[in-house]
Amino acid sequence: MAGGRAARERSQALETRTTRGRNSPWRSLVRRSRDISPFLLAAHIIANLSFAAGWFWGGRTERFAVAVLICDYALSGIIDGHANAQLIWAASGLVITLIFLSLAFRSDRWWPFATAAALSLGVLVALLELVDPGLSRYAVASAQLGLWLVVYATLLAGVGERWLAGERPVSDTAIWRPRTRS
């Protein structure tokens with residue numbers, strides 16, 4: 001009986017040190033580190049909504065942007081947990097930024113400039129993480145998540161601007177014909 005009580009007290013003391021108390025919000029952070037936060041869940045929902053809106057109601061510029069962002073979205077899921085993930089994310093962010101800069105200079109839309117600006121700030125945050133290893137991973141993740149929300153919001157704003165201007169989406173002008181057998 002006494003041995004069980006001593007073991008319980010030791011485990012409670014360890015839990016108090018690691019989780020900062022039984023009812024602390026840090027307890028869930030320590031215990032369930034792989035869970036998804038509501039803010040990250042909202043970011044994924046906004047990303048998927050912007051992908052759908054850009055594809056179905058956007059023009060050629062928005063569709064190209066959606067294709068590039070979906071490729072980056074898939075790539076980030078593949079490299080998650082890789083040994084050099086930060087370096088790969090920085091290189092990927094730089095490539096995506098250059099693609100959006102070229103898109104901004106080739107199109108007559110304003111939102112690719114705002115997207116390229118947010119992406120370049122995201123690359124700077126990734127490079128800052130590589131330069132300063134003492135920087136908190138939570139701070140870097142929060143900054144990058146906020147900047148990606150700006151990217152998705154600018155895409156949605158670009159689609160909304162096209163809709164408010166009365167421009168037809170590409171999906172309306174596309175002619176879908178069934179394949180003919182020869």
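Side chains included, hydrogens not; waters and symmetry mates left out as well; all remaining heavy atoms used.
- Here the CG-CD1 distance, from D72 to I99, works out to 9.0 Å after rounding to the nearest 0.5 Å.
- Between S107 and P112 there is a side-chain heavy-atom pair separated by less than 4.5 Å.
- Criterion: ILVMFWY side-chain heavy atoms under 4.5 Å apart, direct or through other members. Under it, L87 and I96 are not part of a common hydrophobic cluster.
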Step-by-step side chain to side chain contact (heavy atoms under 4.5 Å, CB included) determination, L130 to L127: CA-CA 5 Å; L130 290 173; L127 291 176; 4.3 Å; yes

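- Residues W163 and V159 form no side-chain contact, since every pair of their non-hydrogen atoms from C-beta on lies 4.5 Å or further apart.
- The two residues A43 and L145 come nearest to each other via the heavy atoms CB-CD1, 3.5 Å.
- In terms of heavy-atom proximity, L156 sits nearest to A53 at CD2-CB, 3.8 Å.
- Both V151 and F64 belong to a common hydrophobic cluster when Ile, Leu, Val, Met, Phe, Trp and Tyr are linked at side-chain heavy-atom distances under 4.5 angstrom.
- Between the CD atom in E161 and the CH2 atom in W111 there is a gap of 10.5 Å [rounded to 0.5 Å].
- Between R60 and E167 there is no salt bridge, since no side-chain nitrogen of the basic residue lies less than 4.0 Å from a carboxylate oxygen of the acidic one.
- Distance check: L75 CG to I88 CD1 gives 8.0 Å after rounding to the nearest 0.5 Å.
- Hydrophobic clustering (side-chain heavy atoms under 4.5 Å, transitive across Ile, Leu, Val, Met, Phe, Trp, Tyr) groups Y152 together with F39.
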Worked verdict on R109 versus R162 for side chain to side chain contact (heavy atoms under 4.5 Å, CB included): CA-CA 9 Å; R109 300 286 176 196; R162 179 177 288 276; 2.8 Å; yes

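- Side-chain contact between W55 and E62: absent, with no pair of heavy atoms (C-beta onward) separated by less than 4.5 Å.
- Side chains of R137 and V140 form a contact here, defined as non-hydrogen atoms less than 4.5 Å apart.
- Here the closest heavy-atom approach between residue A114 and residue T154 is recorded as CB-CG2, 3.8 Å.
- The ring pair (Phe, Tyr, Trp, His ring centres under 6.0 Å) analysis of residues 83-105, with sequence neighbours excluded, yields the pairs F105-F113.
- When all heavy atoms are compared, the tightest approach of A65 to L103 is CB-CD2, 4.3 Å.
- Hydrophobic clustering, with ILVMFWY side chains joined whenever heavy atoms are under 4.5 angstrom apart, keeps L49 apart from L147.
- The hydrophobic cluster containing W148 also contains V95, counting ILVMFWY residues as joined when their side-chain heavy atoms lie under 4.5 angstrom apart, directly or transitively.
- For the pair T115/L155, no side-chain contact is recorded, criterion being any heavy-atom separation below 4.5 Å from C-beta on.
- Once rounded to the nearest 0.5 Å, the distance linking CG of L40 with OG of S142 reads 10.0 Å.
- Considering every non-hydrogen atom in both A116 and T97, the closest pair reads O-CG2, 3.8 Å.
- Note that CZ of R106 and OG1 of T61 are 8.0 Å apart. Values are rounded to the nearest 0.5 Å.
- Y73 and H44 have their aromatic ring centers within a separation under 6.0 angstrom.
- Remark: L128 CG to L121 CG distance equals 11.5 Å, nearest 0.5 Å.
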